[in-house]
Chemist: 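Below: one structure in structure tokens.
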Amino acid sequence: MADADIHLYFDPVCPFAWMTSKWVRLVMAQRDYRVDWRFISLRLINAHIDYAAHFPPDYEAGHTSGLRLLRVAARVRAGHGREAVGPLYEALGNKIFETPVVAGDTPDPERRGTRAFVEPALTQAGLPTALADALDDTSLDALIQTETDEALGLTGKDVGTPIIHFQPPSGVAFFGPVISRLPGEADAARLWDHVIGLAGFPGFAELKRSLRELPQLPGLGVAPDEVGVEQDWHGGSRRTKR
């Protein structure tokens with residue numbers, strides 16, 4: 001999308017990328033921005049990592065599901081245009097993060113990478129369910145890797161998702177912002193102006209705290225009026241060992 005105002009690199013299983021994308025959509029509506037939804041894979045970023053030794057349980061299954069969903073998104077983009085990626089991401093995010101947790105139900109990160117999960121999202125996005133064939137198409141991984149490398153080339157490698165590039169190709173790019181609470185419409189635009197102003201200051205590199213609240217997302221069991229449990233993250237992930 002040559003005339004996009006924002007390139008937003010997302011992994012569909014990242015809750016913080018989802019929360020940031022919801023905020024960006026609020027800003028889009030007020031500023032008439034165009035967004036090109038691009039790919040960054042947490043599974044490919046951590047391809048060299050021993051998940052069992054470095055991450056909490058289920059992380060490998062979750063990240064692998066994210067890669068499988070990105071293959072579908074890549075197939076959608078190739079066949080239906082870049083504009084079709086945003087609605088698919090929105091449908092996937094709603095299924096993953098906006099569906100309330102059922103008491104006693106154990107989340108299954110691996111299920112997110114299955115046909116049974118992705119086909120309803122494709123239908124919701126107005127796309128053919130046959131596109132779910134791409135879940136197992138590893139030939140698409142090279143494209144996803146290229147786009148992941150492109151994103152990390154904008155910010156450096158010690159980051160997670162999402163990555164935003166504003167006014168590409170020469171505009172400012174940054175990881176995040178990582179937010180756990182969705183701002184209202186007025187605050188959404190104000191936060192955007194502050195973030196762009198700070199990130200665009202010449203020589204600015206980083207303002208960071210690794211403590212994060214679990215995002216206010218029903219799929220994570222946190223209601224909009226609740227404050228999520230605070231966790232300590234490293235390098236944009238829940239790595240338990242460096």
Side-chain angles (χ1 to χ4, degrees), residues 1-42 44 65-98 112-113 115 117-135 137 139-154 161-177 182 185 188-189 192 195-196:
M1 193 182 299
D3 56 348
D5 304 285
I6 298 169
H7 292 170
L8 194 152
Y9 297 82
F10 72 94
D11 187 307
V13 300
C14 176
F16 293 101
W18 173 246
M19 183 64 84
T20 299
S21 77
K22 292 173 65 177
W23 164 63
V24 167
R25 290 180 192 275
L26 288 176
V27 176
M28 287 171 62
Q30 298 181 60
R31 300 291 172 84
D32 198 29
Y33 288 150
R34 297 192 68 196
V35 176
D36 187 15
W37 304 92
R38 298 192 171 201
F39 313 140
I40 180 170
S41 169
L42 291 168
L44 295 180
S65 290
L67 174 58
R68 289 169 63 81
L69 294 175
L70 285 174
R71 292 171 185 163
V72 176
R75 181 75 63 80
V76 165
R77 189 169 74 185
H80 297 266
R82 307 188 79 92
E83 294 80 3
V85 177
L88 175 63
Y89 180 31
E90 188 169 21
L92 291 170
N94 281 324
K95 280 181 64 64
I96 296 170
F97 299 114
E98 303 299 336
R112 295 170 181 170
R115 296 188 72 98
F117 185 87
V118 77
E119 285 182 351
L122 287 164
T123 298
Q124 184 179 345
L127 295 163
T129 57
L131 290 164
D133 292 345
L135 287 166
D137 187 354
S139 70
L140 294 164
D141 292 359
L143 181 151
I144 297 168
Q145 182 70 70
T146 296
E147 212 142 288
T148 296
D149 293 342
E150 174 184 292
L152 296 179
L154 295 168
T161 59
I163 289 174
I164 290 176
H165 190 185
F166 182 54
Q167 294 181 337
S170 58
V172 63
F174 50 87
F175 159 53
L182 184 66
E185 289 187 7
W192 177 263
V195 169
I196 295 301

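Bear in mind the structure is a predicted one, so any value in this text is a computation, not a measurement.
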Chemist: Is Asp32 close to Met28 at the side-chain level, that is, under 4.5 Å between some pair of heavy atoms?
Modeler: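 Met28 does not reach Asp32 side chain to side chain.
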Chemist: Say whether, by atom type as modelled, one donor and one acceptor occur between the side chain of Asp11 and the main chain of Leu42 under 3.5 angstrom.
Modeler: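 Yes.
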Chemist: Which heavy atom in Cys14 sits nearest to a heavy atom in Thr161, and how many Å separate them?
Modeler: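 Here Cys14 and Thr161 meet closest at SG-OG1, 2.9 Å.
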Chemist: Start with the C-alpha gap between Arg82 and Arg38, add the side-chain angles, then the distance that decides, and say whether side-chain contact (heavy atoms from CB on, under 4.5 Å) holds.
Modeler: CA-CA 9 Å; Arg82 307 188 79 92; Arg38 298 192 171 201; 3.6 Å; yes
Chemist: Evaluate the side-chain proximity of Ser65 to Phe117: yes if any heavy-atom separation is below 4.5 Å, no if none is.
Modeler: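 When only atoms from C-beta onward are counted, Ser65 and Phe117 do not touch, as no gap falls below 4.5 Å.
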Chemist: Indicate yes or no for a side-chain donor-acceptor contact from Arg71 to the backbone of Leu135 under 3.5 Å, with no hydrogens or angles considered.
Modeler: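 Yes.
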Chemist: For residues 118-129, which residue pairs qualify under salt bridge (charged side-chain N to carboxylate O under 4.0 Å, His left out), counting only residues two or more places apart or in two chains?
Modeler: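 Found Arg115-Glu119.
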Chemist: Do NZ/NE/NH1/NH2 and the carboxylate oxygens of Glu147 and Arg77 come within less than 4.0 Å?
Modeler: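 Looking at Glu147 and Arg77, the cut-off is met.
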Chemist: Quick one: pull up CG in Leu143 and OG in Ser41 and give me the separation to the nearest 0.5 Å.
Modeler: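 That separation rounds to 12.0 Å.
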Chemist: Leu152 vs Ile163, test: side-chain contact (heavy atoms from CB on, under 4.5 Å). Steps then yes/no.
Modeler: CA-CA 8 Å; Leu152 296 179; Ile163 289 174; 4.1 Å; yes
Chemist: Rounded to the nearest 0.5 Å, what separation is found between the CG atom of Asp141 and the CG atom of Leu44?
Modeler: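 The CG atom of Asp141 sits 6.0 Å away from the CG atom of Leu44.
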Chemist: Hey, are Glu90 and Asn94 close enough side-chain-wise for a donor-acceptor pair under 3.5 Å?
Modeler: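 Result is no, nothing qualifies.
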Chemist: I want to know whether Phe174 and Phe166 have ring centres closer than 6.0 Å.
Modeler: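 Ring centres of Phe166 and Phe174 not closer than 6.0 Å.
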Chemist: Could you list the residues that satisfy side-chain hydrogen bond (donor to acceptor under 3.5 Å, both in side chains) with Arg68, not counting sequence neighbours?
Modeler: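 If we apply the side-chain hydrogen bond (donor to acceptor under 3.5 Å, both in side chains) test to Arg68, skipping adjacent residues, the hits are Asp136.
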Chemist: Please lay out, stage by stage, how Trp18 and Phe10 fare under the test ring-ring contact (aromatic ring centres under 6.0 Å, His included).
Modeler: CA-CA 8 Å; Trp18 173 246; Phe10 72 94; 9.5 Å; no
Chemist: Does Pro177 offer a backbone N or O that forms a donor-acceptor pair with the side chain of Thr20 under 3.5 Å?
Modeler: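 Flag set: sc Thr20 to bb Pro177 pair under 3.5 Å.
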Chemist: Are any non-hydrogen side-chain atoms of Leu154 and Ile164 less than 4.5 angstrom apart?
Modeler: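 Leu154 does not reach Ile164 side chain to side chain.
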Chemist: Return the set of residues passing ring pair (Phe, Tyr, Trp, His ring centres under 6.0 Å) with Trp23 (not counting sequence neighbours), or none when no residue passes.
Modeler: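 Applying ring pair (Phe, Tyr, Trp, His ring centres under 6.0 Å) to Trp23 gives Trp192.
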Chemist: Taking all atoms of both residues into account, what is the closest heavy-atom pair of Asp5 and Pro168, and its distance?
Modeler: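 Asp5 and Pro168 have their closest heavy atoms at O-CD, 3.5 Å.
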Chemist: Could you check whether any side-chain heavy atom of Val24 comes within less than 4.5 Å of a side-chain heavy atom of Leu8, counting everything from C-beta outward?
Modeler: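 A side-chain contact under 4.5 Å exists here.
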Chemist: Decide yes or no for Pro12 and Leu70: does some side-chain heavy atom of the first lie under 4.5 Å from some side-chain heavy atom of the second?
Modeler: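 Answer yes - side chains close enough.
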Chemist: So, do Leu182 and Leu26 sit near enough that their side-chain heavy atoms are less than 4.5 Å apart?
Modeler: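 Of all side-chain heavy-atom pairs linking Leu26 with Leu182, at least one is under 4.5 Å.
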Chemist: Holding to ring pair (Phe, Tyr, Trp, His ring centres under 6.0 Å), I want the full list of residues that pass it with Phe39, two or more places apart in sequence or in another chain.
Modeler: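 Expected list: none.
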Chemist: Do you know which two heavy atoms are closest between Leu140 and Ala74, and how far apart they sit?
Modeler: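 Here Leu140 and Ala74 meet closest at CD2-CB, 4.3 Å.
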Chemist: Which atom names give the shortest non-hydrogen contact between Gly86 and Arg25, and what distance separates them?
Modeler: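 So the two residues come closest at O-NH2, 3.1 Å.
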Chemist: Going by side-chain hydrogen bond (donor to acceptor under 3.5 Å, both in side chains), name the residues that satisfy it together with Tyr9, two or more places apart in sequence or in a different chain.
Modeler: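 Expected list: Glu150.
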Chemist: Any non-hydrogen side-chain atom of Arg34 less than 4.5 Å from a side-chain atom of Ile6?
Modeler: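 Arg34 does not reach Ile6 side chain to side chain.
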Chemist: Could you grab the distance from atom CZ of Phe175 to atom CD1 of Ile40, nearest 0.5 Å is fine?
Modeler: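 With rounding to 0.5 Å, CZ (Phe175) is 9.0 Å from CD1 (Ile40).
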Chemist: Is any side-chain heavy atom of Ile96 less than 4.5 Å from a side-chain heavy atom of Arg112?
Modeler: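 Yes - at least one pair of side-chain heavy atoms lies under 4.5 Å apart.
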Chemist: Does anything in residues 14-23 pair up under salt bridge (charged side-chain N to carboxylate O under 4.0 Å, His left out), and if so which pairs, sequence neighbours excluded?
Modeler: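 Non-adjacent pairs meeting salt bridge (charged side-chain N to carboxylate O under 4.0 Å, His left out): Lys22-Glu98.
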